[in-house]
K.L.:
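Below is the structure I would like to discuss, written out as structure tokens.
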Number of protein chains: 2
Amino acid sequence: MSFEGIEEAFQRINGIANKTPVMTSRTLNMLFKSDIYFKCENFQRVGAFKFRGAFNTLSLLSEKQKERGVITHSSGNHAQAIALAASLLGIKATIVMPRGAPGNKINATKGYGVHVVFCDNTLKSRNKTTQEIIKKERSILIHPYDNDNIINGQGTVAYELIKEVGSLDIVIAPLGGGGLLCGTALAAKGLCSNISVIGVEPSLADDALRSLKAGYIIPSDYPNTIADGLRTSLCERTFDIIRTYVDDVVTVSEIEIINAMKFLWERMKIIVEPSGAVSLAAILSKKVIAENKKIGIIISGGNIDLKPFFQLLEKDIL
Amino acid sequence: MSFEGIEEAFQRINGIANKTPVMTSRTLNMLFKSDIYFKCENFQRVGAFKFRGAFNTLSLLSEKQKERGVITHSSGNHAQAIALAASLLGIKATIVMPRGAPGNKINATKGYGVHVVFCDNTLKSRNKTTQEIIKKERSILIHPYDNDNIINGQGTVAYELIKEVGSLDIVIAPLGGGGLLCGTALAAKGLCSNISVIGVEPSLADDALRSLKAGYIIPSDYPNTIADGLRTSLCERTFDIIRTYVDDVVTVSEIEIINAMKFLWERMKIIVEPSGAVSLAAILSKKVIAENKKIGIIISGGNIDLKPFFQLLEKDIL
């Protein structure tokens with residue numbers, strides 16, 4: 001992965017991925033005396049930035065690899081991203097999902113015409129099911145972040161943002177497995193001479209912070225954060241980039257994440273999932289000091305189960 | 001009110017009101033084989049189109065009128081719009097609100113530095129309180145829709161939309177008191193030679209449909225629709241314009257309104273209030289037939305109480 005890789009990925013996904021809008025909030029800018037730009041990947045196809053990396057990666061497969069098909073295990077945004085990208089590129093895809101995954105996610109994934117295989121909700125069952133299919137079908141495993149082309153694809157988020165609003169002082173991105181943050185760092189350092197790149201993870205899933213302190217990877221053990229997209233841990237590939245190019249990693253509490261979501265929903269009228277709100281949480285909770293700065297905030301996605309809310313509403317009218 | 005009045009209002013609010021984004025949905029366009037453009041006034045200042053009419057009207061007051069100050073009675077978006085516009089223009093404003101109004105709306109209104117006076121939750125108490133203040137302070141009453149300059153301001157929504165996306169076959173707007181729909185009709189007919197203008201009201205507040213059939217105004221009597229912004233009834237001013245320039249009025253049920261909200265929240269990731277979702281409800285429920293058409297849909301606002309949803313979320317993490 002590299003800045004050049006990101007530029008090429010940008011050409012590749014251009015016109016296929018959404019050029020997501022950049023939003024601002026007068027209230028926030030006034031409150032923090034800063035210019036804060038939100039890059040809204042909740043408006044990306046499948047509702048999250050993951051489509052960028054997925055499409056970039058699948059379109060770079062050789063014809064032979066495409067014939068073998070791809071496989072991934074995920075119940076989250078990566079699964080849907082692979083499903084849509086595969087469907088657009090006419091590649092056979094298998095998604096391994098835990099039996100307990102939310103019905104709407106299963107249906108959305110199936111809706112792209114891919115093959116969904118269920119496993120038990122344990123790491124062991126997931127790996128076993130996946131390995132069996134790979135052995136039988138020779139499918140190519142597409143890891144959600146331990147993959148250069150995935151990271152290059154995710155880097156197009158910050159690339160697009162900075163190309164649109166100009167050089168930034170700070171850019172802040174959510175940090176789970178590290179794919180988005182690594183891409184962000186490579187794009188930002190490539191485009192801005194003096195930018196500070198900051199990753200934000202939930203305190204309940206602070207493997208990156210602990211790993212950086214220790215100097216080696218210490219994974220999170222079944223972290224229970226509301227930010228379900230950030231429960232994953234770093235891999236060597238992302239750890240190396242983060243150590244080299246990321247200026248700081250900060251953590252936010254569960255209530256700080258919810259408060260950031262509240263601001264985005266109530267004031268800015270956009271639906272952002274918990275993982276997508278951590279960058280703003282770092283500003284609101286003053287883990288990152290915003291004053292007289294030009295700041296980019298990456299909103300990574302907007303996929304959250306709204307059924308409980310609509311059930312409440314419907315109860316009112318029935 | 002007139003097309004020229006709308007053009008002038010557009011110049012007046014330009015750079016002060018937000019130029020709200022136009023959004024699209026691949027899914028919807030595919031489903032209905034049409035090009036559907038959403039004009040998203042949920043991203044307008046105060047969260048609704050009402051700011052346009054309020055600012056246009058207040059900035060047209062004479063210096064003497066400005067000194068006397070303005071007054072309005074509303075617990076909704078019009079109140080906040082008047083409050084913000086008055087605060088920006090340095091005009092004294094009094095907002096009469098029922099004692100039972102939601103705390104967040106009261107606080108938001110007070111936040112603009114205007115004077116809030118409470119009345120009982122009856123029409124009689126509201127009018128009495130308002131009249132007493134008008135008598136004492138000689139304040140100018142700013143009606144939410146029975147006012148030419150308000151209607152011209154609201155017309156800038158459709159004006160901006162059509163200027164951005166080009167001529168449309170159909171434009172659909174919510175219909176409560178009629179201010180937005182009248183402005184929409186005047187702008188649309190002024191800009192497009194062959195456009196169909198459609199108003200949508202809740203079946204539970206179908207005073208416009210009944211009035212059009214009867215040929216005279218038949219107000220809705222305390223309608224109980226979830227679309228709280230559309231509970232108001234027509235006035236002679238809006239009734240006349242609607243009879244002359246609006247091609248059709250259709251109604252949607254409560255469940256159709258909620259289904260449209262669901263689509264906007266889940267698929268498009270934007271927060272839209274029930275009143276703001278009725279235009280899409282008319283498409284989804286096939287009250288307006290979309291096929292091979294270029295359609296503008298006006299999303300009027302995004303102010304809805306999200307407390308119940310966040311209470312559910314917080315319960316999960318605490």
Side-chain angles (χ1 to χ4, degrees), chain A residues 16 18 20-27 40-48 84 104 108 111 202 204 224-227 253-259 261-274 276 299 301-318, chain B residues 16 18 20-27 40-48 84 104 108 111 202 204 224-227 253-259 261-274 276 299 301-318:
Chain A
I16 297 163
N18 290 340
T20 51
V22 174
M23 302 186 84
T24 57
S25 157
R26 275 192 183 81
T27 311
C40 295
E41 288 293 300
N42 51 334
F43 296 128
Q44 188 49 265
R45 296 182 81 164
V46 312
L84 174 59
N104 56 338
L204 293 184
N224 192 26
T225 172
I226 187 178
S253 72
E254 299 295 291
I255 196 74
E256 285 164 352
I257 295 172
I258 291 198
N259 284 338
M261 280 177 70
K262 262 189 200 162
F263 188 95
L264 292 160
W265 290 44
E266 291 182 344
R267 298 301 196 97
M268 297 183 65
K269 310 297 177 192
I270 59 176
I271 307 245
V272 176
E273 62 186 84
I299 298 289
N303 292 328
I304 180 167
D305 186 8
L306 296 167
K307 212 191 270 168
F309 181 73
F310 282 104
Q311 278 169 344
L312 286 179
L313 264 195
E314 281 168 14
K315 220 166 52 187
D316 271 356
I317 67 150
L318 297 176
Chain B
I16 297 164
N18 290 340
T20 51
V22 174
M23 303 188 83
T24 57
S25 157
R26 275 191 183 80
T27 310
C40 295
E41 288 294 300
N42 50 335
F43 296 129
Q44 188 49 265
R45 296 183 83 164
V46 312
L84 174 58
N104 56 339
L204 293 184
N224 193 26
T225 172
I226 188 179
S253 72
E254 299 296 291
I255 197 73
E256 285 163 352
I257 295 172
I258 291 198
N259 284 339
M261 280 177 69
K262 263 190 199 160
F263 188 94
L264 292 160
W265 290 44
E266 291 181 345
R267 298 300 196 96
M268 296 184 67
K269 310 298 178 194
I270 59 176
I271 307 244
V272 177
E273 62 186 83
I299 298 288
N303 293 328
I304 180 169
D305 186 8
L306 296 166
K307 212 190 267 168
F309 181 75
F310 282 104
Q311 278 170 343
L312 286 178
L313 265 194
E314 281 168 16
K315 222 166 50 186
D316 270 358
I317 67 153
L318 294 178

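Numbered from 1 within each chain, the chains take letters A, B, ... in sequence-line order.
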K.L.:
Which value, rounded to the nearest 0.5 Å, describes the distance between B:I258 atom CD1 and A:Q311 atom CD?
P.N.:
11.5 Å
K.L.:
To the nearest 0.5 angstrom, please state how far the CG atom of A:L313 sits from the CD1 atom of B:I257.
P.N.:
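Reported value, rounded in 0.5 Å steps: 11.0 Å.
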K.L.:
In terms of heavy-atom pairs under 4.5 Å with chain A, which of B:R267, B:K262, B:M261, B:M268 leads?
P.N.:
B:K262
K.L.:
Is it the side chain or the backbone of B:F309 that comes within 4.5 Å of chain A heavy atoms, both, or neither?
P.N.:
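Answer is both: backbone and side chain atoms of B:F309 are under 4.5 Å from chain A.
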K.L.:
Below 4.5 Å, heavy-atom pairs only: which of B:E266, B:M23, B:R26 has the largest tally toward chain A?
P.N.:
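The answer is B:R26.
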K.L.:
Among B:I299, B:V272, B:N303, B:I270, whose side chain to side chain contact (heavy atoms under 4.5 Å, CB included) with A:K269 holds?
P.N.:
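It is B:N303; the other options fail the test.
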